[in-house]
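Structure record follows, encoded as structure tokens.
Atoms within a ligand are numbered from 1 in the order they appear, just like the ligands themselves.
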Amino acid sequence: MRSQLPGPGPKGPTNEWKTIKTLLPYLWPEGETGLRIRVVAALILLAAAKGTNVAVPIFYKQAVDSLTTGGPAAGTVIAVPIALLIFYGLARIMAQAFGELRDAVFTRVAQRAIRLAGLRTFRHLHRLSLRFHLERKTGGVSRAVERGTKGIEFLLRFMLFNVLPTVLEVAMVCGILWYLYGVGYAVLTFAILIVYILWTLGITEWRLKFRRTMNEMDNEASTKAIDSLLNFETVKYFGNEDHEAGRFDKALQSYERAAVQSGTSLAVLNIGQGVVISAGVVAAMILAGQGVADGSMTIGDFVLVNSYLIQVFVPLNFLGFVYREIKRSLIDMEAMFELLEENPDIADKPGAAPLKSGPGEIRFDGVSFAYDTRRPILKGIDFHVPAGHSVAIVGPSGSGKSTLSRILYRFYDVSAGTVSIDGQDITMLTQDSLRAAIGIVPQDTVLFNDTVYYNIAYGNPKASPADVEAAAKLARIHDFVMSLPDGYQSKVGERGLKLSGGEKQRVAIARTILKDPRILMFDEATSALDSRTEQDILTSFRDVSKNRTTLTIAHRLSTVIDADEILVLLAGEIVERGTHTSLLAKDGVYADMWARQQEARLAAEKLSTLESPQTS
Ligand code: ATP
């Protein structure tokens, strides 16, 4: 799988053109006539701004000429330069005003492009498979998106309002110089420009590797910081603050080194640019000085040549910076657009149909699966859950129980066999319709950093407060919530850490009840609860599961004795199946697990009766 981070690999103009091409449709948005008019208006204003800007030195030259040539009628002579100077001033004002107007008109287009690109990437990230998200570092991905959208803003602002205008201006100035003073001046200006550009591009290319390293290290530092802060408790349990700081600092050190190299090399670039510009201006001035000396040019012409060169080179001085930043923006945008090119492993097939409504019968036929082809996890699983029935899956840790639920939810596709719901192969269905039909209470519940209400209502954002409360009651969490000072408006903290494991689990149960799916899947949904609450919830489950197909994954066998069928999974294979009583009668793996759990329970009970006199 490709890396989404800008690495030091071969990045050439092809990539850059591709990035720019990806951006273009955002600037000419389909069906947005208003925005398209803005683009055209901005281009017209751009041409107007540059046109007036180029006229400024001409008024200036004429004013100088009319002042230096002198004449007999002093009164009329002074009126001419004053008029010219007023025109000069007006032209300057207009050039600036056109420029500002152009910015104002274009801002909406640029901001819309940024919004749409950011939104598209966000949606795409949600469409990518679980596998992508497990393998990628969230911190790195979010930085790539953040920097990518900033990159778009920069690129638009400078490419359109700096590079393009400068090119236009240079072309106009060269044309005017050619027309007024012959081809020599135009060639000289052009030559200085070429040397300047070659120097800038060459050195900037060399410097870019520092920037790439800085980006990589910035991603790395941010990934490490986020990971470490998310695991705050674990870090404390093991007193590993220094270890974490060391890992973070390693990335920061590399960043520092690259940033220093980048800063130092900038001085080389700037000095070189200064030398080229100064040498060029001096050469042109010597040429013009000679022209004045031999009478072919006026003082005004001398001033005009100087004004034009300075006018062209001042923004060029800026161009070095702009070029660097544009390159950087392109790299950042490339990283973001690469995310967009990432294809989801699990995609709706062409012509995928929505799951037809039905009673919710599940069938696994010869299902085999591996996360990594080198290590098979499920081996030829066959089972059938008739609609409205409940099947429990038990087995030792790592035997593949949760994997079965991930496959049913189609987080992964099977490598052999088929899974069907109501006779429809799930790979032929749209993912949205499939997932809408299944409610999962996962093993590890992670909550959004919002209120309890928000987290329960997440199961069905359209539910009324009364529905939310009813679900909370069924999940035996309502009384607890009411005992909190802020009730349903209490914040649950980052990832729900302010709630206990059992409370989080009950919130997860409530939101799944609210989703109201035809198939329910409980993956150790009561493992964090004490046995009394567990019993209460199991009673609720029985109510909720009525007329629904239920798959329950459990460690504690006492929670599944009522299941219509119990499957015993061992190393990815079903080794036994039947009801609780029939499995006990078989005296096999299940009976053995049952006996051991009973022993452990009895031992625990004995211990608590022995301890209770001392504690009371
Ligand atoms: P437990 O009772 O501990 O929850 P389980 O029976 O539910 O275990 P699964 O979560 O299905 O086990 O995992 C089965 C095996 O697949 C485990 O050995 C696990 O290491 C492996 N596994 C799970 N997820 C992945 C993954 N994303 N990539 C690679 N291997 C994985």
Side-chain angles (χ1 to χ4, degrees), residues 1 125-138 140-141 227 230 234 342-346 362 364 366-383 385 390-417 419 426 431 435 438-446 501-502 504-505 508-509 512 519-529 534 550-560 563 565-577 583 589-590 592-594 596-597 600:
M1 210 173 275
L125 285 174
H126 268 304
R127 271 193 27 233
L128 290 177
S129 3
L130 182 65
R131 192 187 291 274
F132 171 90
H133 287 282
L134 291 180
E135 282 174 14
R136 295 310 164 98
K137 303 162 190 161
T138 316
V141 171
D227 197 30
L230 281 180
T234 317
E342 194 77 43
N343 284 323
D345 292 342
I346 311 290
I362 305 171
F364 273 60
V367 168
S368 295
F369 172 75
Y371 291 101
D372 177 331
T373 44
R374 292 168 298 179
R375 185 180 163 223
I377 301 288
L378 298 178
K379 304 157 198 163
I381 300 285
D382 286 300
F383 69 88
V385 193
S390 70
V391 163
I393 303 165
V394 300
S397 177
S399 54
K401 303 182 296 295
S402 302
T403 305
L404 279 177
S405 71
R406 283 179 215 126
I407 284 179
L408 182 62
Y409 210 63
R410 222 178 146 218
F411 275 149
Y412 297 94
D413 273 339
V414 295
S415 36
V419 179
I426 60 168
Q431 294 169 73
R435 293 181 183 154
I438 305 173
I440 294 197
V441 182
Q443 208 167 9
D444 303 310
T445 302
V446 176
K504 259 193 303 194
Q505 236 169 18
I509 292 167
T512 308
I519 295 172
L520 278 170
M521 217 145 52
F522 300 115
D523 190 349
E524 312 241 359
T526 55
S527 59
L529 301 177
E534 183 172 48
T550 317
L551 261 181
T552 311
I553 295 170
H555 262 300
R556 259 186 278 175
L557 303 183
S558 56
T559 59
V560 295
E565 188 178 28
I566 298 171
L567 309 175
V568 183
L569 202 64
L570 205 65
E573 282 173 287
I574 298 177
V575 290
E576 278 175 17
R577 61 177 84 202
L583 284 172
V589 182
Y590 182 85
D592 188 41
M593 282 164 66
W594 176 259
R596 259 187 279 159
Q597 287 195 4

- Which word best sums up how the rings of Y412 and Y371 line up, parallel for under 30°, tilted for 30 to 60°, or perpendicular for over 60°? perpendicular
- atom 8 (O) of ligand 1 - nearest protein heavy atom and its distance: G398 N, 2.8 Å
- Message: Counting C-beta onward and ignoring hydrogens, is there a side-chain heavy-atom pair between R435 and F411 closer than 4.5 Å?
- Response: yes
- Task: Just jot down the ligand 1 atoms closer than 4.0 angstrom to any heavy atom of S402, in number order.
- Result: 4 (O), 5 (P), 7 (O), 10 (O), 11 (O)
- Task: State, yes or no, whether a side-chain contact exists between L551 and I519 at a heavy-atom distance under 4.5 Å.
- Result: no
- Query: Do the side chains of K401 and E524 get nearer than 4.5 Å, heavy atoms only?
  - Reply: yes
- Task: Go through ligand 1 atom by atom and flag the ones less than 4.0 Å from a non-hydrogen atom of H555.
- Result: 2 (O)
- Task: Under 4.0 Å from a heavy atom of Q443: give me the atoms of ligand 1 that qualify, with their elements.
- Result: 1 (P), 4 (O)
- Those atoms of ligand 1 less than 4.0 Å from some heavy atom in S399: 6 (O)
- Query: Is any side-chain heavy atom of F364 closer than 4.5 Å to a side-chain heavy atom of L378?
  - Reply: no
- Item | Which of the ligand 1 atoms, numbered from 1, are nearer than 4.0 Å to a heavy atom of R406 | 10 (O), 23 (C), 24 (N)
- Using a strict 4.0 Å cut-off to heavy atoms of S397, name the atoms of ligand 1 that fall inside it. 1 (P), 2 (O), 3 (O), 8 (O)
- What residue and heavy atom of the protein are closest to atom 2 (O) of ligand 1, and at what distance? K401 NZ, 2.8 Å
- Does ligand 1 have a heavy atom under 4.0 Å from the side chain of Y412, from its backbone, from both, or from neither? side chain
- Under 4.0 Å from one or more heavy atoms of R375, ligand 1 contributes atoms 17 (C), 18 (O), 20 (O), 21 (C)
- Do the rings of Y590 and W594 sit parallel, tilted or perpendicular, given the 30° and 60° boundaries? parallel
- Is any side-chain heavy atom of V414 closer than 4.5 Å to a side-chain heavy atom of S368? no
- Query: So do V141 and L125 actually touch side chain to side chain, heavy atoms under 4.5 Å?
  - Reply: yes
- If you count the atoms of ligand 1 from 1 in the order shown, which ones are under 4.0 Å from a heavy atom of T403? 9 (P), 11 (O), 13 (O), 14 (C)
- Query: Hey, are the side chains of L408 and V419 touching, using non-hydrogen atoms and a 4.5 Å cut-off?
  - Reply: yes
- Task: Write out the residue and atom name of the closest protein heavy atom to atom 22 (N) of ligand 1, then the distance separating them to 0.1 Å.
- Result: Y371 CE1, 3.3 Å
- Query: Out of I393, I377, D372, whose heavy atom is nearest to atom 16 (O) of ligand 1?
  - Reply: I377
